[in-house]
Amino acid sequence: MTDTNKQPLQVLSVDIGGSGIKAMVLNETGQAITERHRIKTPHPPTPEAVLEVIGQLAAQQGAFEQVSVGFPGVVQHGVTKTAVNLTAEWIGFDLAAALTEQLGKPVQVANDADIQGYGAISGKGVELVVTLGTGFGSALFVNGHLVPNLEMAHHPFQKEKTYEQQLGRKALKKKGNKTWNRNLAKAITNLEKLFNYDHLYIGGGETKRIKIELPKNVTMVPNSAGILGGIALWKDWEG
Ligand code: BGC
């Protein structure tokens, strides 16, 4: 028997970033059905302060049944394990449980680059995703399946600096566009040799600074992928 009372799935997708927290509601096919709202990330960005902002965003967005959250650090089973660009209080914080209690809806939390990836990939072959924003995000997919917890950000890159130290927003501001672009070109060469990917996607707010010519198997994805991928968490969960 068909359940005629079944409501279409509406997911509130939230992206916690180092400079802004964004939210919008998506339908089952991952399309936005509300306007995206953004509130500046509070300072200091403690769990309490960030939860307060998410509460405000949720109230502006109207009706939804489930929630997906992209977090700028490692997430395991809803618990945030690292938070280099937020505060130390996030380490070991059960964000999924805290938000479920606050919003009264089921919540899934995942790394922000993973969500960005879900919103960008084609689902074929080895696809790597990196994001250029406050931090340096990374996610790897094989035939559309996520290889969990890939963290390139704090891994050595060159000149005893990590990928994030050379390609994060601080480095961009300090060294300028030219050096940052040169480093990006080197990083792409490294990553291609390391992962032998079929395709690399580059997302995040700072893609607008990219001036180098990208190889054929590398494309930029709009920043909106970071929030549009939110539906995938629930699709994966439901099998
Ligand atoms: C974190 C990653 C995150 C990236 C982008 C890095 O500092 O370690 O987990 O995906 O920033 O926010």
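Numbering of ligands and ligand atoms starts at 1, following listing order. Throughout, residue positions are numbered sequentially from 1 according to the sequence presented.
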Tell me the closest heavy-atom pair linking [X] and [Y], and the distance in Å.
X    : Y    : answer
R38  : L57  : N-CD2, 4.3 Å
V75  : V109 : CG1-O, 3.5 Å
N217 : E192 : ND2-OE2, 3.2 Å
P215 : I188 : CG-CG2, 4.3 Å

Distance filter under 4.0 Å to [X] heavy atoms, resulting ligand 1 atoms:
X    : answer
N111 : 2 (C), 3 (C), 9 (O), 10 (O)
G73  : 9 (O)
P72  : 1 (C), 3 (C), 9 (O), 12 (O)
G137 : 4 (C), 5 (C), 10 (O)
E151 : 1 (C), 2 (C), 8 (O), 9 (O)

*asked:* Tell me whether E164 has any N or O atom under 3.5 angstrom from an N or O of ligand 1.
replied: yes
*Quick check: does T131 get an N/O under 3.5 Å from an N/O on ligand 1?*
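For ligand 1, there is no N or O atom that lies under 3.5 Å from one belonging to T131.
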*Counting only heavy atoms, which portion of T82 has something under 4.0 Å from ligand 1: side chain, backbone, both, or neither?*
neither
*Check N85 against ligand 1 and report side chain, backbone, both or neither, counting heavy atoms closer than 4.0 Å.*
side chain
*Of the protein's non-hydrogen atoms, which lies at the shortest distance from atom 10 (O) of ligand 1, and what is that distance?*
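Looking only at protein heavy atoms, the one closest to atom 10 (O) of ligand 1 is D112 OD1, 2.6 Å.
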*Listed by chain and number, what are the side chain to side chain contact (heavy atoms under 4.5 Å, CB included) partners of P222, not counting sequence neighbours?*
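Result, side chain to side chain contact (heavy atoms under 4.5 Å, CB included) vs P222: S224.
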*Looking at residues at least two apart in the chain, or sitting in another chain, which of them share a side-chain hydrogen bond (donor to acceptor under 3.5 Å, both in side chains) with S122?*
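Testing S122 for side-chain hydrogen bond (donor to acceptor under 3.5 Å, both in side chains), a comparison that skips the adjacent residues, returns E127.
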*Assess whether side chain to side chain contact (heavy atoms under 4.5 Å, CB included) is satisfied between L228 and L26, documenting all intermediate values.*
CA-CA 7 Å; L228 292 175; L26 307 175; 3.6 Å; yes
